[in-house]
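Written out below as structure tokens is the structure these notes cover.
Not measured: the values here are computed from a predicted model. Residue numbers start at 1 and run along the sequence shown.
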Amino acid sequence: LREVLEDTYDFLEVETPILTRSTPEGARDYLVPSRLQPGACFALPQSPQLFKQMLMVAGADRYYQVARCFRDEDLRADRQPEFTQLDIEMSFTDMDGILSLGEDLMC
């Protein structure tokens with residue numbers, strides 16, 4: 001995974017924070033109380049979307065993250081409260097570029 005993304009496609013691996021501020025998204029957040037700020041809480045990320053957007057605005061045009069995500073949802077067969085996802089962001093590409101990357105990652 002890393003060899004293909006970094007060596008072949010020149011991606012940068014990033015890591016975003018696990019403890020963050022709660023944001024209005026689809027599912028409920030898991031909250032972690034702050035010991036140093038009574039009454040305040042951190043949220044476990046549902047997806048590192050805000051951090052990814054900041055990277056794109058800052059000019060990082062190819063980066064990826066193997067991200068741990070947490071969603072406080074009703075348990076169902078197709079929903080997991082905790083999971084890992086591969087986030088890939090790339091600017092200035094076309095459909096063939098995306099398909100080529102996907103094929104190389106699968107092989």
Side-chain angles (χ1 to χ4, degrees):
L1 174 80
R2 286 179 171 90
E3 182 178 317
V4 170
L5 288 169
E6 293 173 16
D7 297 343
T8 306
Y9 287 91
D10 199 32
F11 274 78
L12 171 69
E13 182 175 13
V14 298
E15 184 175 345
T16 58
I18 291 291
L19 294 176
T20 186
R21 181 181 202 159
S22 182
T23 58
E25 296 181 27
R28 293 180 302 267
D29 290 321
Y30 283 109
L31 299 177
V32 179
S34 172
R35 180 180 61 83
L36 299 177
Q37 297 173 325
C41 292
F42 292 102
L44 297 177
Q46 298 179 36
S47 170
Q49 188 64 36
L50 291 176
F51 298 107
K52 295 185 308 183
Q53 291 169 347
M54 286 190 288
L55 283 167
M56 291 300 263
V57 169
D61 64 339
R62 290 180 178 232
Y63 60 90
Y64 74 98
Q65 175 178 355
V66 178
R68 301 290 300 150
C69 299
F70 309 89
R71 292 188 178 150
D72 185 9
E73 297 182 315
D74 296 331
L75 295 179
R76 299 190 321 219
D78 65 341
R79 299 269 171 97
Q80 300 291 330
E82 176 182 346
F83 57 95
T84 302
Q85 69 185 27
L86 173 62
D87 288 322
I88 299 174
E89 301 285 339
M90 57 194 294
S91 299
F92 311 111
T93 190
D94 56 13
M95 185 174 74
D96 290 334
I98 294 169
L99 292 175
S100 177
L101 173 62
E103 290 171 358
D104 289 347
L105 285 171
M106 298 302 280
C107 292

Value rounded to 0.5 Å, distance of CD in E89 from CG in L12: 12.5 Å

Distance (rounded to the nearest 0.5 Å) between L99 CG and D104 CG: 11.0 Å

Side-chain heavy atoms of V14 within contact of F51, under 4.5 Å: no

Side chain to side chain, T16 and D87, heavy atoms closer than 4.5 Å: no

Y63, OH: over 12 other non-hydrogen atoms inside 6.0 angstrom: yes

Any L5 side-chain heavy atom under 4.5 Å of E13 side chain: no

Enclosure of E15 CD (heavy-atom neighbours >12, cutoff 6.0 Å): no

Shortest non-hydrogen separation from C41 to P33 and the atoms involved: SG-CA, 4.0 Å

Non-hydrogen side-chain atoms of Y64 and M90 separated by less than 4.5 Å: no

Shared hydrophobic cluster, I88 / L1 (ILVMFWY, side-chain heavy atoms < 4.5 Å): yes

Atom pair CG (L101) and CE (M106), whose distance is rounded to the nearest 0.5 Å: 11.5 Å

F11 reachable from V4 in the ILVMFWY side-chain graph, under 4.5 Å edges: yes

